[in-house]
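Each remark here refers to the structure printed beneath this line.
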Amino acid sequence: MNPIRIAALVLMATALAASGAMAQDAAPGHSKLEFLQTYDADLDGVVTQQEYMARRGEAFARTDADQNGVLDVNEYVSEYAARLDAQLAEQRARQIRQAHVRFGVMDADRDSQMSRAEYEATASRTFQRLDTNGDGKVDDQDTADNH
């Protein structure tokens with residue numbers, strides 16, 4: 001496989017791994033830490049049932065768009081969609097910032113242009129870091145977990 005394809009595959013794998021990790025982080029309230037961060041109103045490291053129910057009541061009131069005291073499917077899903085859209089926007093912004101950082105690392109001569117040689121040099125370094133036994137291939141015999 002040529003170095004450009006290797007670099008492209010490595011960058012894609014890195015992006016997928018990062019987005020997977022972020023997607024797991026984006027699920028609010030599913031871990032104890034996120035529960036504490038969401039519901040600990042007085043920031044004392046403890047969530048009482050009173051704090052929890054008060055925060056849940058506030059969330060219900062925000063979600064009840066027509067303020068009729070019940071949530072219909074559209075209100076419930078719309079609230080979730082709004083949170084998801086915010087999380088996706090944050091994830092996209094982080095990924096775009098990271099793309100700028102990666103470009104800066106790969107642009108060795110800092111001329112704001114990436115030559116083919118700079119692109120391939122990055123691929124070569126990546127491959128060499130992964131090919132820990134130096135046999136010219138990356139397989140189960142290599143010990144690097146990441147590059």
Side-chain angles (χ1 to χ4, degrees), residues 1-108 110-116 118-132 138-147:
M1 187 176 292
N2 74 35
I4 292 176
R5 283 197 177 150
I6 292 170
L9 289 172
V10 168
L11 288 173
M12 286 172 33
T14 302
L16 286 172
S19 67
M22 284 185 245
Q24 290 173 348
D25 292 343
H30 290 107
S31 74
K32 186 175 178 180
L33 177 61
E34 290 165 330
F35 182 87
L36 288 166
Q37 290 171 339
T38 301
Y39 297 108
D40 184 9
D42 59 9
L43 304 175
D44 66 353
V46 174
V47 175
T48 65
Q49 187 170 7
Q50 183 180 10
E51 282 176 307
Y52 178 64
M53 296 307 289
R55 291 283 174 131
R56 295 290 293 172
E58 293 164 6
F60 185 94
R62 280 192 312 274
T63 304
D64 186 10
D66 61 10
Q67 300 298 301
N68 69 350
V70 296
L71 301 179
D72 63 33
V73 67
N74 292 328
E75 289 170 320
Y76 186 82
V77 171
S78 292
E79 185 279 333
Y80 179 76
R83 281 190 291 125
L84 182 58
D85 288 345
Q87 291 168 355
L88 291 172
E90 170 66 26
Q91 179 180 355
R92 183 182 192 285
R94 282 193 310 266
Q95 293 291 331
I96 295 300
R97 284 191 304 270
Q98 184 59 35
H100 284 280
V101 169
R102 284 191 308 269
F103 184 91
V105 170
M106 294 170 75
D107 181 19
R110 306 286 186 253
D111 67 353
S112 296
Q113 297 181 355
M114 188 182 314
S115 68
R116 184 177 186 126
E118 289 169 321
Y119 192 80
E120 289 178 354
T122 299
S124 179
R125 286 190 304 271
T126 298
F127 192 89
Q128 289 172 6
R129 279 193 296 271
L130 291 170
D131 181 18
T132 57
V138 177
D139 57 22
D140 289 341
Q141 302 301 311
D142 295 297
T143 58
D145 289 330
N146 57 53
H147 56 89

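Considering only heavy atoms from C-beta on, L130 stays 4.5 Å or farther from T132 through its side chain.
The distance from the OG1 atom of T38 to the CG atom of L33 is 9.0 Å, given to the nearest 0.5 Å. Note that the CG atom of D131 and the CG atom of D142 stand 5.0 Å from one another [nearest 0.5 Å]. Atoms CD and CE, on Q49 and M53 in that order, are 6.5 Å from each other to the nearest 0.5 Å. Here OH of Y80 is found 5.0 Å from CG of L84. Values are rounded to the nearest 0.5 Å. Here L88 contributes atom CG and R83 contributes atom CZ; the two are 12.0 Å apart, rounded to the nearest 0.5 Å.
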Checklist entry - What's the verdict on side-chain contact (heavy atoms from CB on, under 4.5 Å) for R92 and I96, showing C-alpha distance, side-chain angles and the deciding distance? => result CA-CA 6 Å; R92 183 182 192 285; I96 295 300; 3.8 Å; yes
Next on the checklist: What verdict does the side-chain contact (heavy atoms from CB on, under 4.5 Å) test give for F103 and H100, after you've listed the backbone C-alpha separation in whole Å, the side-chain angles of each residue and the deciding distance to 0.1 Å?
Outcome noted: CA-CA 5 Å; F103 184 91; H100 284 280; 5.7 Å; no
Next on the checklist: Run the side-chain contact (heavy atoms from CB on, under 4.5 Å) test on D42 and E51 for me, step by step, so that the C-alpha distance in whole Å, both residues' side-chain angles and the decisive distance to 0.1 Å come before the verdict.
Outcome noted: CA-CA 8 Å; D42 59 9; E51 282 176 307; 2.9 Å; yes
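With a 6.0 Å radius and a threshold of 12 heavy atoms from other residues, nucleotides or ligands, R56 has its CZ atom at or below the threshold.
A salt bridge links R94 with E90: the closest approach of a Lys/Arg side-chain nitrogen to an acidic carboxylate oxygen falls below 4.0 angstrom.
Looking at D85, its side chain never comes within 3.5 Å of a backbone N or O of A89 through a donor-acceptor pair. Formation of a donor-acceptor pair under 3.5 Å by the E79 side chain with backbone atoms of R62 is not found in this model. Counting only distance, with no hydrogens or angles, the side chain of S124 and the backbone of E120 share no donor-acceptor pair below 3.5 Å.
Applying the salt bridge (Lys or Arg N to Asp or Glu O under 4.0 Å) test to E75 and every residue at least two apart in sequence or in another chain returns nothing. Every residue meeting the ring pair (Phe, Tyr, Trp, His ring centres under 6.0 Å) condition with Y52, not counting sequence neighbours, appears here in chain and number order: F35, Y39.
What you find for A61 and Q67 is that their closest heavy atoms are O-NE2, 3.0 Å. Nearest approach of Q113 to E118, heavy atoms of both residues: O-OE1, 3.0 Å. D107 and R110 make their closest contact through O-NH1, 2.8 Å (heavy atoms, listed as atom of the first residue, atom of the second, distance).
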